[in-house]
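Everything on this sheet refers to the single structure shown next.
Residue numbers start from 1 in every chain, and the chains themselves are labelled A, B, ... in the order their sequence lines are given, proteins ahead of strands.
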There are 2 protein chains.
Amino acid sequence: MSETKHGNRTQTAADRLRQMIVAGDLAPGQRISERAIREHLEGLSRTPLREAFKILAGEGLVTISPNRGATVTALSMADVEDTMELLVGLEGLAAEPACKNILLQEIVEIEELHQRMVAAYRAEELMEYFELNQAIHQRIVDAAGNRALSRIYAAECARIRRYRFAGNRHHERWDRAVAEHEQILGFLKDRNGSLLREMLRAHYRNGWQVTRELIGWEFAGTDQEPDRK
Amino acid sequence: MSETKHGNRTQTAADRLRQMIVAGDLAPGQRISERAIREHLEGLSRTPLREAFKILAGEGLVTISPNRGATVTALSMADVEDTMELLVGLEGLAAEPACKNILLQEIVEIEELHQRMVAAYRAEELMEYFELNQAIHQRIVDAAGNRALSRIYAAECARIRRYRFAGNRHHERWDRAVAEHEQILGFLKDRNGSLLREMLRAHYRNGWQVTRELIGWEFAGTDQEPDRK
DNA sequence: CAATATATAATTGTATGCAATCAAGGCATC
DNA sequence: GATGCCTTGATTGCATACAATTATATATTG
């Protein structure tokens, strides 16, 4: 079975690289030489790889400097904060239309995600918890039924994912977050848009405050000095 | 003087293509074969052109179908409406921080843009008017001081630019729009965030309502049938 | 004549070679 | 010994050749 089909090497490369960056396998600021990556993603030639770089650059995940190649985009604390503020705002925009438009079926699905998230919380499965948490928020935004909004929200989440995740290692916040999620679901079911918006706002701010302190000192080394060999 | 310097053919191609698409030289849904473009942008080889496609695809300006090449992204009426709604929301998010953070210098600059816009309005210089109008809104958003917000706002504006422009040909809206802009500037100077937000909201909705009707029938042909040869 | 199958042309996806640029180290000079 | 220049190696940008896929036109058959 020759895996050598025509038509998706670029996309595959982009997907794998995105995964690596978003999951944090590649450090921010780190240089990604075509050579190094091709050793990991064997059998890949330069052209699709370079096209993949361009795709990821468009998503803000890598930064390309002319004649100097690609690096994993390193965000400053200010960049991350700006983006968090934007995400809060986007969820706020989604709240009322989501309450108006959401189907019972969708609420059930979100509750299911929530149950799985609680299970992951009990099992202390960090990654799973984080993923489901994000998925729930995305689903709420999606429920607003605005494709442009959903797209932007997803893209911006991906961009700062690793920074938020870095602050997720401490459990103390989790139980409160779970409680907040339950309130959020409650308002969604009651279709109370304005309260949902306020709750999402508070939820985000609470979470980010914890995260910010945890990652604060991490920035000292990673960000100011873009990269070192 | 050989123009054959190394390091920016891809970017140049992307810029020129973007210009063409945003300005409306290429119709939505139209196929962009590598061949055809290379005839216009002479001396360009396939590699940088294809990389430019990927960049523009990331910006949502072109759509790439595997093994079938690139087309100018054709948005449905629903897509444009979603995006307009998002833009309203983003301006709303910007309003209060903008009032808080804007410098007098920046207000002066925006007023200058406004004066130039009024002049273009009087001279009935369609394009100039439209450009300045957009620039003013961008500057207000920028004044909020959130880079992520500014970036998204600019990108989404570009994505639907040609659709909004299509409805800009009728003058009857212009005088009202100018008046609204003056109110907007007033609230900005007064640093009245909530009124600014409401005004921006109303301004957008008024403008879009006119535009929507004007472009309504244009969609019948362009959109439902993506392209035909 | 319609419909399908097949061959052929056109177009896109990928690999690779060459040119230009950048980075590092050695050498000469002060 | 330090500093600046030049050479050399590595890396990126671009052009082009080749492979795979899709579209088109023709022929064949019912």
Sidechain N-carboxylate O distance under 4.0 Å for B:Arg147, A:Glu85: no

In whole Å, what is the span from the CZ atom of B:Arg38 to the P atom of C:dT11? 12 Å

Could you check how far CD1 of A:Ile55 sits from P of C:dG13, rounded to whole Å? 11 Å

Value in whole Å for how far the P atom of D:dT12 lies from CD1 of A:Ile64: 11 Å

Residue whose nearest DNA chain C nucleotide is more 5′ - B:Pro66 or A:Arg46: B:Pro66

For a quick test of reading the model: is some side-chain N or O of B:Arg9 closer than 4.0 Å to OP1 or OP2 of D:dG13? no

Can a donor-acceptor pair under 3.5 Å be found between the side-chain atoms of B:Thr47 and the base atoms of D:dT16? yes

Does B:Arg50 place a side-chain N or O at less than 4.0 Å from the phosphate oxygens OP1/OP2 of C:dG13? yes

Presence of donor-acceptor pair under 3.5 Å, side chain of A:Arg68 and base of D:dG13: no

Distance below 4.0 Å between B:Thr10 side-chain N/O and D:dC14 OP1 or OP2: yes

Quick one: sort the A:Phe130 and A:Phe165 rings into parallel, tilted or perpendicular, breaks at 30° and 60°. perpendicular

For the residue pair A:Tyr121 and A:Trp174, does the interplanar ring angle fall in the parallel (under 30°), tilted (30 to 60°) or perpendicular (over 60°) class? tilted

Could you tell me how far apart A:Glu39 (CD) and D:dA10 (P) are, to the nearest whole angstrom? 13 Å

Quick test of your reading of the model: are A:Arg9 and A:Glu51 salt-bridged, counting only N-O distances below 4.0 Å? no

How far apart are the C-alpha atoms of A:Glu34 and A:Arg50, what are their side-chain angles, what is the distance that settles it, and do they pass the salt bridge (Lys or Arg N to Asp or Glu O under 4.0 Å) test? CA-CA 8 Å; A:Glu34 299 172 0; A:Arg50 287 176 54 80; 3.0 Å; yes

Return the value, rounded to whole Å, for the distance between atom CG of A:Asn67 and atom P of D:dA10. 18 Å

What's the CZ-C1' distance between A:Phe53 and D:dG13, to the nearest Å? 13 Å

Over how many whole Å does the gap from B:Ile32 atom CD1 to C:dT12 atom C1' extend? 14 Å

Please report, rounded to the nearest Å, how far the P atom of C:dT14 is from the CG atom of A:Leu49. 12 Å

